[in-house]
Amino acid sequence: MIRFDAVSKAYPDGTVAVDELSLTAPSGQITVLVGPSGCGKTTSLRMVNRMVEPTSGTITIDDRDVTSVSATDLRRGIGYVIQHAGLFPHRTVVDNVATVPLLTGTGRRQARRRAIELMELVGLPASFADRYPAQLSGGQQQRVGVARALAADPPVMLMDEPFSAVDPVVRDQLQQEFLRLQGELGKTILFVTHDIDEAITLGDRVAVLAVGGRLAQVAAPADLLATPADPFVAEFVGRDRGYRALGFISAEVAVATEPTVALGAPVARAHDVAVDDWVLVVDDGQLPQGWLHLRAHPDGGPGPAPGDPVTPDLLNLGGTLSALGGTLREALDAALSSPSGRGVVVDEDGRLIGSVRAGTVLEHLHAATADPSAQVRP
Amino acid sequence: MSSAAGSAPWDLFGYFADHRAEVLDLLWAHTWLSVLPVVIGLLVALPIGWLARRYRWAYPPVVSVSGLLYTIPSLALFVVMPTLLGTQILDPLNVVAALTLYTVALLVRVVADGLAAVPEDAVQAATAMGFTRLQRLRTVELPLAVPVIAAGLRVAMVANVSLVAIAATIGIPQLGQLFITGFQLSVTGPYYPPIVLGIVLSVALALLLDRSIVLGARLITPWQRVSAAR
């Protein structure tokens, strides 16, 4: 548990970076500090490992004042991940990961063995061990950064915008893997981001900071979206919060049967089963491949000839997939993004179960919000 | 040596064959007089450069003072060194001390700039992982500053090879001696072999030492050679 007790940081020129911050980051959970630039979130983070010394107040980790040990000993016991990873360009990946164990006197052989294990844990092949950071992509470098922070198995991790500098697709992937990893490791994590979406995706608790280092609200993500404490938080959480909040309600929406044709079947068969001129195409394993439109193309070309087989190039790939038992947000997004208006629902192996329409999702939402026992994920 | 005068003004190889032992001695003296100041100068410049980087206010005065040092004519420095150091006028130490001063003047700025060029992310990460200041300097900052420092060393090395020659005027033997010999032998008629030989050997020595620094730097910075995959 990390506890801030009336912590302030003022600079000689009078700038107040952090103002009387009192906050607890519970053990085994991810606490996210989120806010616009200049809100003191990074300063707050750096006061925990004493890269910045507070002007007043105390910070404790598991009830021990961080000033009770030397700064270097304190830091060796805290994992730290930063934007752009901050890898040592002159050291190989395995040596980067082994940094802290080597620093604390672990033998070279053992440190390297542990480093290889950690690389695998964060999804990097062991063959990357002897590469230099410049030979890795941004996402791979960030994985190395996470592995390096985990190397000494610290109970506490500080993460400063670790996923901000990678592209959105990779960021999504890193976030999901990070949550999976945290599910296994249960670290006490303080995570800084300026991105409210990331805060809501990753945080068990989200602390919103306002410019000037004022703590505006601390709450679970669903509560933050549902009941912002003040206009600043409401503004910062943003316009889509109603839609985002759907991400915290699990969907038990009735799934309708969706007729399909297999890849390679004649187009004529699709005509027999199509609804509103759209038919879902699946492969041999019942994995959805895309939608086939049987009407003529809008650009004037004829529709697919009935005698031709259904080929992948005929398919419309629009439409996200929604997992059975996923959230209402996923289900609604699947329905809204589908060219046929029918959102595809799959099981955990990605096989087709059926489809839902947006109207069905909204009816379910209506029923769920009317019923106080509605399932809201914590 | 006067027998050759006038007969073969361009007979470089003949001159070398006739004075082989003497020329090789001069070459060796020239080599160590050039290299030693660079080595000592680097060792002295490292802490000063580090200080100029660590305390930002120290950077402008340190750089100005070291720049001024470089404007002192080398001959003047060679001449006053015995007074400053209490050495004999013919002691090669005078040359070493004077050239060390020049090297320091050149390298202080290079070291400070080299340390400043270390990626801030890497320095922050090292601090956050619990490196002591000295560990960080030794294992992160200095290794990453090698490419910049090596570039400065090359300049200092080549400059020294040419500066050493001037010490011939105060009687310290090295390749510069060949220019004086050539000048003396040319009084009655043109006789160039010692002068040309001196130039050729100086240039060859400068190139060799320059290449050594490039190769050495390459050996200790394997990470610089990997192609970026990003």
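Lettering follows sequence order; numbering is per chain, from 1.
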Under 4.5 Å heavy-atom distance to chain B, tell me which part of [X] shows up: side chain, backbone, both or neither.
X      : result
A:R91  : side chain
A:Q140 : neither
A:I82  : side chain

Next on the checklist: I need the minimum non-hydrogen distance between B:L144 and A:P89, along with the two atoms involved.
Outcome noted: CD2-CG, 3.5 Å
Checklist entry - What heavy-atom pair brings A:A134 and B:V226 nearest, and what distance separates the two atoms? => result CB-CG2, 4.2 Å
Euclidean distance, [Y] [atom2] relative to [X] [atom1], rounded to 0.5 Å:
X      : Y      : atom1 : atom2 : answer
B:R136 : A:T72  : CZ    : OG1   : 12.0 Å
B:T139 : A:L102 : OG1   : CG    : 10.5 Å
B:M129 : A:R76  : CE    : CZ    : 10.5 Å

Item to check | Verdict with reasoning, A:T99 to B:F131, per side chain to side chain contact (heavy atoms under 4.5 Å, CB included) | outcome: CA-CA 10 Å; A:T99 301; B:F131 283 67; 3.5 Å; yes
Item to check | A:R46 and B:Q124: CA distance, side-chain angles, deciding distance, side chain to side chain contact (heavy atoms under 4.5 Å, CB included) verdict | outcome: CA-CA 11 Å; A:R46 289 174 167 216; B:Q124 292 284 336; 3.2 Å; yes
Next on the checklist: With a 6.0 Å cut-off (strictly less than), is the heavy-atom count around CD of B:E120, excluding the residue itself, greater than 12?
Outcome noted: yes
Item to check | B:W32 atom CH2: more than 12 heavy-atom contacts under 6.0 Å | outcome: yes
Checklist entry - What option among B:A126, B:A125, B:A128 has the most heavy-atom pairs under 4.5 Å with chain A? => result B:A128
Next on the checklist: Walk me through whether B:T127 and A:M51 qualify under side chain to side chain contact (heavy atoms under 4.5 Å, CB included).
Outcome noted: CA-CA 8 Å; B:T127 309; A:M51 306 251 298; 3.8 Å; yes
Checklist entry - Non-hydrogen atoms of chain A under 4.5 Å away: do they reach the side chain of B:Q135, the backbone, both or neither? => result side chain
Checklist entry - Can any side-chain N or O of A:H90 pair as donor or acceptor with the backbone N or O of B:I220 at less than 3.5 Å? => result no
